[in-house]
Amino acid sequence: MKIIMLGAPGAGKGTQAKMIADKYGIPHISTGDIFRANIKNGTELGKKAKEYMDQGLLVPDELTCDLVVDRIAQPDAAKGYVLDGFPRTIPQAEALTAALKARGESVDYAIDVDVPDENIVNRMGGRRACLACGATYHVSFNPPKKEGICDVCGKELVLRDDDKPETVQKRLDVYHAQTQPLIDYYTKAGVLRSVDGTQDIDKVFGDITGILG
Ligand code: ADP
Ligand code: ADP
Ligand code: ZN
């Protein structure tokens, strides 16, 4: 099962992608997590990506597409995967379509987690992230068992640099300009499914499993 998560920053893509990955036994591939891991490890890619991420801008397609095409060719992705945060531009979607087509494959579902901008700003201020394992929490909507500590791996949780209100607004603008057109792209491809992302986390997941079966 090859699944793409679409939706604004903070819509709940990562939260749902992790639950999908666990339920269906497929890898969760998050380009944001990959970039943050590279930043943490001080790689060349991390240095370049950070310049864009800190400003709320997208990392250029040249630095992003090959990375994902290589990742989905790994053995653990043979039975499928859930892509979270990729594609984010039309050229990225076209690169993915071409890479899959070369192997006689295509995306099965593009799940749009729909949340209006007004709700996003609240969510981002309360988001806490584990940079070690990629888990995310919310101080009120989805708190960790122990304040400030990741339930999954025990590491300390942080407020991401790009979750500050000034940057969140920029990221929303970028989303509307560059990523939202993908809804049309995947509607035309016949694989778009929308879910109401303003519901509770478990309710959203119920809608998604209703779609995936
Ligand atoms: P969010 O959880 O808000 O959706 P992500 O963790 O997916 O954020 O991404 C954080 C940042 O990493 C983005 O604002 C962008 O700078 C960069 N990024 C992640 N995925 C991509 C991508 N597919 N193309 C370009 N930039 C990306
Ligand atoms: P994305 O990957 O789309 O940027 P996340 O999954 O990281 O989004 O969720 C953004 C924030 O909102 C996190 O703090 C998360 O715990 C919280 N969150 C996710 N889904 C919901 C929901 N359905 N209701 C309320 N808060 C949510
Ligand atoms: Zn963790």
Side-chain angles (χ1 to χ4, degrees), residues 4-20 28-39 45-46 48-69 71 82-93 95-96 111-115 119-144 148-163 167-168 170-175 178-179 182 195-208:
I4 290 173
M5 304 302 291
L6 296 176
K13 300 180 298 297
T15 302
Q16 298 297 328
K18 275 202 182 301
M19 295 165 83
I20 294 169
H28 167 212
I29 302 175
S30 156
T31 40
D33 286 353
I34 295 171
F35 289 137
R36 282 185 290 277
N38 275 275
I39 292 172
L45 173 65
K48 286 186 197 149
K50 188 174 177 3
E51 285 174 35
Y52 298 92
M53 291 167 76
D54 283 351
Q55 297 177 67
L57 300 173
L58 296 182
V59 178
D61 293 339
E62 308 83 80
L63 298 178
T64 309
C65 291
D66 292 350
L67 182 102
V68 175
V69 170
R71 177 64 189 86
V82 49
L83 281 181
D84 163 19
F86 183 94
R88 256 182 158 98
T89 65
I90 293 282
Q92 289 182 12
L96 177 64
I111 299 179
D112 176 40
V113 184
D114 188 24
V115 177
N119 303 38
I120 297 285
V121 182
N122 282 338
R123 283 200 189 177
M124 298 303 233
R127 168 154 70 182
R128 296 294 179 271
C130 174
L131 297 183
C133 79
T136 59
Y137 302 85
H138 191 282
V139 289
S140 28
F141 307 136
N142 183 24
I149 302 292
C150 179
D151 291 352
V152 181
C153 73
K155 297 270 163 44
E156 210 164 311
L157 301 177
V158 298
L159 173 64
R160 273 167 44 181
D161 286 340
D162 60 345
D163 278 351
T167 319
V168 170
K170 180 71 203 162
R171 287 161 67 201
L172 281 171
D173 295 344
V174 167
Y175 167 75
Q178 293 184 265
T179 308
L182 295 182
V195 295
D196 175 1
T198 64
Q199 310 173 94
D200 287 350
I201 291 173
D202 290 336
K203 186 75 189 26
V204 178
F205 189 57
D207 288 358
I208 291 176

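Computed from a predicted structure; not experimentally measured. Every number for a ligand or one of its atoms is a count from 1 in the order of the listing.
Around the Zn ion (ligand 3), the protein contributes the following N, O or S atoms under 2.8 Å, ordered by chain and number: Cys130 SG, Cys133 SG, Cys150 SG, Cys153 SG.
The distance from ligand 1 to the heavy atoms of Gly85 drops below 4.0 Å at these ligand atoms: 20 (N), 21 (C), 22 (C), 23 (N). Each of the following atoms of ligand 2 lies closer than 4.0 Å to a heavy atom of Gly197: 23 (N). Set against the non-hydrogen atoms of Arg36, the atoms of ligand 1 under 4.0 Å away are 6 (O), 10 (C). When each atom of ligand 1 is checked for a heavy atom of Pro9 under 4.0 Å away, the hits are 3 (O), 4 (O). Listed by atom number, the atoms of ligand 1 under 4.0 Å from Phe86 heavy atoms are 23 (N). In the vicinity of Thr136, heavy-atom distances shorter than 4.0 Å reach the ligand 2 atoms 6 (O), 7 (O). Each of the atoms 11 (C), 12 (O), 16 (O), 17 (C) of ligand 1 lies under 4.0 Å from some heavy atom of Met53. Of all atoms in ligand 2, listed by their number and element, those nearer than 4.0 Å to a heavy atom of Ala11 are 3 (O), 8 (O). The ligand atoms of ligand 1 that sit less than 4.0 angstrom from a heavy atom of Thr31 are 19 (C), 20 (N), 21 (C), 23 (N).
Thr179 contributes a side-chain N or O that, together with a main-chain N or O of Arg88, makes up a donor-acceptor pair within less than 3.5 Å. With Lys13 contributing its side chain and Ala8 its backbone, the two residues share a donor-acceptor pair below 3.5 Å. Side-chain atoms of Thr31 come within 3.5 Å of backbone atoms of Gly85 as a donor-acceptor pair (strictly under, hydrogens ignored). A side-chain donor-acceptor contact under 3.5 Å links Arg123 to the backbone of Ala11. Counting only distance, with no hydrogens or angles, the side chain of Gln16 and the backbone of Gly12 share no donor-acceptor pair below 3.5 Å.
Residues Ile149 and Leu157 are not in side-chain contact: their nearest non-hydrogen atoms beyond the backbone lie 4.5 Å or more apart. Here the side chains of Phe141 and Ile201 are not in contact, with every heavy-atom distance at 4.5 Å or above. Proximity of Ile4 to Leu96: side-chain heavy atoms (C-beta onward) are separated by under 4.5 Å at one or more points. Side-chain contact between Met19 and Ile208 is absent, with no heavy-atom pair separated by less than 4.5 Å.
Protein heavy atom in closest approach to atom 20 (N) of ligand 2: Ile201 CG1, 3.5 Å. Looking at atom 2 (O) of ligand 2, its nearest protein heavy atom turns out to be Gly14 N, 2.8 Å. Taking atom 8 (O) of ligand 2 as the reference point, the nearest protein heavy-atom neighbour is Gly12 N, 3.1 Å. Looking only at heavy atoms of the protein, atom 23 (N) of ligand 2 is closest to Gln199 O, 2.8 Å. For atom 4 (O) of ligand 2, the nearest non-hydrogen atom of the protein is Gly10 N, 2.7 Å.
The backbone of Ala8, and not its side chain, has at least one atom closer than 4.0 Å to an atom of ligand 2 (non-hydrogen atoms only; backbone = N, CA, C, O). With a 4.0 Å heavy-atom cut-off, ligand 2 is reached by the backbone of Asp200 but not by any atom from C-beta on. Here Thr64 has side-chain heavy atoms under 4.0 Å from ligand 1, and that is the only part of it that gets that close.
More than 12 heavy atoms of other residues, nucleotides or ligands sit less than 6.0 Å from atom CZ of Phe205. Crowding of Glu156 atom CD: a count of heavy atoms from other residues, nucleotides or ligands under 6.0 Å not exceeding 12.
Residue Gln92 places at least one N or O, backbone or side chain, under 3.5 Å from an N or O of ligand 1. Any N or O atom pair closer than 3.5 Å counts here, and Val59 shares at least one such pair with ligand 1. An N or O contact shorter than 3.5 Å is missing between Met124 and ligand 2 by distance.
Ligand 1 lies out of reach of Glu51, whose nearest heavy atom is not under 4.0 Å from it.
Comparing heavy-atom distances from atom 5 (P) of ligand 1 across Lys50, Met5, Lys13, Arg88 singles out Arg88 as nearest. Taking all heavy atoms of Tyr137, Phe141, Phe205, Tyr175 into account, the minimum distance to atom 26 (N) of ligand 2 is reached by Phe141. Relative to atom 7 (O) of ligand 2, the option among His138, Arg128, Arg127 with the closest non-hydrogen atom is Arg127. The residue from Arg160, Arg171, Arg123 that puts a heavy atom closest to atom 12 (O) of ligand 2 is Arg123. Which of Ile34, Thr15, Leu57, Val174 comes nearest to atom 16 (O) of ligand 1 through a heavy atom is settled by distance: it is Leu57.
For the residue pair Thr15 and Asn142, no side-chain donor N or O sits within less than 3.5 Å of a side-chain acceptor on the partner.
Under the 4.0 Å criterion applied to side-chain N and carboxylate O atoms, Asp163 and Arg171 are assigned as salt-bridge partners. With respect to Asp173 and Lys170, no salt bridge is recorded, no charged nitrogen being found less than 4.0 Å from a carboxylate O.
One finds the CD atom of Gln55 at 10.5 Å from the NZ atom of Lys50 (value rounded to the nearest 0.5 Å).
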